[in-house]
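Here the structure is laid out as structure tokens; the discussion comes afterwards.
Along the sequence shown, residues carry numbers from 1. Read the numbers this way: they start at 1 and go in the same order the structure lists the ligands and their atoms.
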Amino acid sequence: MTRAAITGLGTAVGRRVVTNHDLAETLDTSDQWIVERTGIHQRRVGGSCLELGAQAARVALKQAETGAADLDLIICSTCTPDQVFPAVANRIQDELGAACGAFDLNAACSGFTYGLTLAQAQIAAGMERVLVVGVDTLSRFTDWDDRSTAILFGDGAGAVVLAPAIGADRGMLSTYMGSEGRFADLLTCDFGGCIKMDGKEVFRQAVRVMVSASQRVLADAGLSPSDVGAVIPHQANMRIIESAMKRLGIPFEKAATVLETTGNTSSASIPLAMDNAVSKGAVHDGDVVLLVGFGAGMSVAAALLRWGQ
Ligand code: COA
């Protein structure tokens with residue numbers, strides 16, 4: 001089967017920096033509490049899904065040395081689209097000058113990894129270049145007077161170009177998409193409303209599904225936790241990442257994190273963490289990289305790939 005490899009990566013974040021100290025001016029909270037319970041120091045706010053998504057996509061296309069006209073498909077993962085319809089993906093397509101099919105998918109914070117899984121399937125079916133964008137503007141759906149949620153979220157985008165891997169052992173090794181609808185009420189946002197959440201229970205279930213999805217993609221690829229060179233998890237809470245890494249038996253040092261400066265950016269969090277890890281030199285050619293996302297639904301998705309083309 002033809003494996004998809006990442007050939008370009010780009011990101012964008014909201015322009016305005018909102019620190020924990022800023023939040024503590026209007027909420028009964030403190031920098032110390034937020035850092036201890038979440039690991040977040042600041043988040044970025046601002047921009048539409050179109051603006052952030054197109055900005056990230058342009059960088060990814062440039063890095064992949066791919067013209068927009070060469071794209072075969074655009075998949076945009078978002079749960080906070082600018083409009084009910086058209087899809088953000090249609091507007092990104094027009095903005096980039098692409099001529100391919102384009103659609104949005106909503107799997108909340110698992111959406112980017114869901115998108116990678118669909119892109120892998122299309123490349124296995126013969127497509128040459130697929131753009132996957134993960135973008136969310138959660139600040140527009142955040143109740144800034146609710147200290148239990150306002151401390152967590154931010155706005156951002158990440159995009160990757162996928163193409164058939166050149167090396168036989170490079171690219172996507174295995175993927176998994178899961179859903180546990182019985183937990184759907186744990187994290188919701190109604191039309192015209194704001195994010196509502198049972199934080200403690202989301203925390204508990206998140207660790208469980210992250211671990212089981214990760215174990216599943218490892219088993220499907222015939223690999224074990226000790227083979228993993230880097231983990232790029234959804235960036236919701238540092239303590240969730242620490243617990244999941246511990247249960248997986250992978251040293252915490254192998255986890256990429258970016259939530260300290262971005263907060264939870266939903267669909268954008270995995271590509272933002274990936275970009276940070278790559279620029280720090282934490283991901284090397286040939287490394288086995290585990291991506292794992294979870295979120296409202298409760299949705300979960302994992303992808304295992306060997307880094308490089
Ligand atoms: N500042 C100060 N105190 C706060 C606070 C804040 N921002 N938010 C809650 N508290 C208080 C609570 O009122 C509670 O006080 P009490 O003991 O007097 O009742 C106390 O802190 C503990 O609250 P609790 O909800 O048990 O804290 P926690 O350790 O579970 O942390 C979250 C809360 C939200 C940070 C944590 O549960 C979490 O991150 N959950 C996952 C959420 C998530 O990732 N959602 C997105 C998934 S994609």
### Message
Thr29 versus ligand 1: do any nitrogen or oxygen atoms come within less than 3.5 Å of each other?
### Response
yes

### Query
Are Asp28 and Arg147 within salt-bridge range, i.e. N to O under 4.0 Å?
yes

### Message
Between Asp136 and Thr80, is there a side-chain donor-acceptor contact under 3.5 Å, judged purely by atom types and distance?
### Response
yes

### Query
Without hydrogens or angle criteria, can the side chains of Arg43 and Asn20 be said to hold a donor-acceptor pair below 3.5 Å?
yes

### Query
Applying the 4.5 Å side-chain criterion to the ILVMFWY set and letting contacts propagate, would Val133 and Leu73 be lumped into a single cluster?
no

### Query
Between Thr149 and ligand 1, which part of the residue brings a heavy atom under 4.0 Å of the ligand: side chain, backbone, both or neither?
neither

### Message
Taking the basic N atoms (NZ, or NE/NH1/NH2) and the acidic carboxylate oxygens, is any pair closer than 4.0 Å for Arg247 and Glu242?
### Response
no

### Query
When only distance counts, is Ser148 in polar contact with ligand 1, meaning an N/O pair under 3.5 Å?
no

### Task
Determine if the distance from atom 32 (C) of ligand 1 to the closest protein heavy atom is below 4.0 Å.
no

### Task
Considering only protein heavy atoms, determine whether one is less than 4.0 Å from atom 40 (N) of ligand 1.
yes

### Message
Students should be able to answer this: which protein heavy-atom is nearest to atom 5 (C) of ligand 1, and at what distance?
### Response
Trp33 CH2, 3.3 Å

### Query
Of all the atoms in ligand 1, which lie at a distance below 4.0 Å from a heavy atom belonging to Gly199?
37 (O), 40 (N), 41 (C)

### Task
May I ask you to identify the nearest protein heavy atom to atom 25 (O) of ligand 1, giving residue, atom name and distance to one decimal place in Å?
Lys200 CG, 4.5 Å

### Query
Any non-hydrogen protein atom below 4.0 Å of atom 3 (N) of ligand 1?
yes

### Task
Write out the residue and atom name of the closest protein heavy atom to atom 45 (N) of ligand 1, then the distance separating them to 0.1 Å.
Met197 SD, 3.3 Å

### Task
Measure from atom 18 (O) of ligand 1 to the protein's non-hydrogen atoms and state whether any distance is below 4.0 Å.
no

### Task
Using a strict 4.0 Å cut-off to heavy atoms of His234, name the atoms of ligand 1 that fall inside it.
48 (S)

### Query
Are Thr78 and Asp104 linked by a side-chain donor-acceptor pair shorter than 3.5 Å?
no

### Query
Any nitrogen or oxygen of Arg147, main chain or side chain, under 3.5 Å from a nitrogen or oxygen of ligand 1?
yes

### Query
Can you find a side-chain donor-acceptor pair between Asp275 and Thr11 that sits under 3.5 Å?
yes

### Message
Is there a path of hydrophobic side-chain contacts, each under 4.5 Å between heavy atoms, that joins Val228 and Leu291?
### Response
no

#### Entry: Derivation of the side-chain contact (heavy atoms from CB on, under 4.5 Å) call for Leu116 and Leu162
CA-CA 8 Å; Leu116 289 185; Leu162 293 136; 3.7 Å; yes

### Task
Look at the side-chain heavy atoms of Ile, Leu, Val, Met, Phe, Trp and Tyr, link any pair under 4.5 Å apart, and say whether Val231 and Leu218 land in one connected group.
yes

### Query
Do protein heavy atoms approach atom 9 (C) of ligand 1 to less than 4.0 Å?
yes

### Summary
atom 44 (O) of ligand 1: closest protein heavy atom, distance to 0.1 Å, is Ala236 CB, 3.4 Å

#### Entry: Nearest-neighbour protein heavy atom for atom 38 (C) of ligand 1, which is reported as residue plus atom name and distance
Asn237 ND2, 3.6 Å

### Query
Has ligand 1 got any nitrogen or oxygen that is less than 3.5 angstrom from a nitrogen or oxygen of Val202?
no

### Task
Find all atoms of ligand 1 within a distance of less than 4.0 Å from any non-hydrogen atom belonging to Arg239, and give their numbers and elements.
29 (O)

### Summary
Numbered in order shown, the ligand 1 atoms found under 4.0 Å of a heavy atom of Ile151 are 7 (N)

### Task
Taking only heavy atoms of Arg37 into account, list the atoms of ligand 1 that are under 4.0 Å away from them.
22 (C), 27 (O), 28 (P), 29 (O)

### Query
Is there a donor in the side chain of Glu201 and an acceptor in the side chain of Gln205, or the other way round, less than 3.5 Å apart?
yes

### Message
Suppose I only count heavy atoms of Asn264 and a 4.0 Å limit; which atoms of ligand 1 are within that range?
### Response
46 (C), 48 (S)

### Query
If you measure from the Lys or Arg side-chain nitrogens to the Asp or Glu carboxylate oxygens, is any gap between Arg170 and Asp285 under 4.0 Å?
yes

### Task
Flag Thr38 as yes when one of its N or O atoms lies below 3.5 Å from any N or O atom of ligand 1, and as no otherwise.
no

### Task
Considering non-hydrogen atoms only, spot the tightest contact between Val209 and Met298 and give its length.
CG2-SD, 4.2 Å

